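What follows is a set of notes on a single structure, which appears directly below.
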Amino acid sequence: MTEVVENAAAVLIFFSPAYKMSNACRTEAEFADSMKRPIIPIAVDNTYKADGWLGTLLGTRKQYDFSQPPKRPR
């Protein structure tokens, strides 16, 4: 995991309550932050607002909502 983050131009975080509860996800996210990699937060659960350690890490970063399928033009 560390080598992947070290070589990444940016890190995408697809976050949800399960993501927040995962120790491995927390370790990876905090490592990416410590390596000063750009973090792009992507919500996959529209009922969850990042809180606790994840809310602090994401802060005021722009979040992208992938919790709903995209609307297709008619």
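Keep in mind the model is a prediction, meaning the values are calculated, not measured.
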> Where is the tightest heavy-atom contact between I39 and P41, given as atom of each residue plus distance?
Replying inline: O-CD, 3.4 Å

>> Suppose we screen for side chain to side chain donor-acceptor pair (under 3.5 Å). Which residues come up paired with T2, at least two apart in sequence or across chains?
In response: none

>> Restricting to non-hydrogen atoms, name the atom on S67 and the atom on V44 that form the minimum distance, rounded to 0.1 Å.
In response: CB-C, 3.7 Å

> Taking only residues two or more places apart in sequence or in another chain, which ones pass side chain to side chain donor-acceptor pair (under 3.5 Å) with T47?
Replying inline: D45

> Tell me the salt bridge (Lys or Arg N to Asp or Glu O under 4.0 Å) pairs involving residues 34-43, sequence neighbours left out?
Replying inline: none

>> Are I40 and M35 linked, directly or through intermediate hydrophobic residues, by side-chain heavy-atom contacts shorter than 4.5 Å (ILVMFWY only)?
In response: no

> Which residue pairs pass the side-chain hydrogen bond (donor to acceptor under 3.5 Å, both in side chains) test with at least one member in residues 24-34, sequence neighbours excluded?
Replying inline: R26-E30, D33-R61

Which atom pairs, donor and acceptor, lie under 3.5 Å between side-chain atoms of residues 8-23 and protein residues at least two apart or in another chain?
residue	atom	partner	partner atom	Å
S16	OG	A18	N	3.4
S16	OG	Y19	N	3.3
Y19	OH	C25	O	3.4
K20	NZ	D51	OD1	3.1
S22	OG	A24	N	3.4
S22	OG	C25	N	3.1

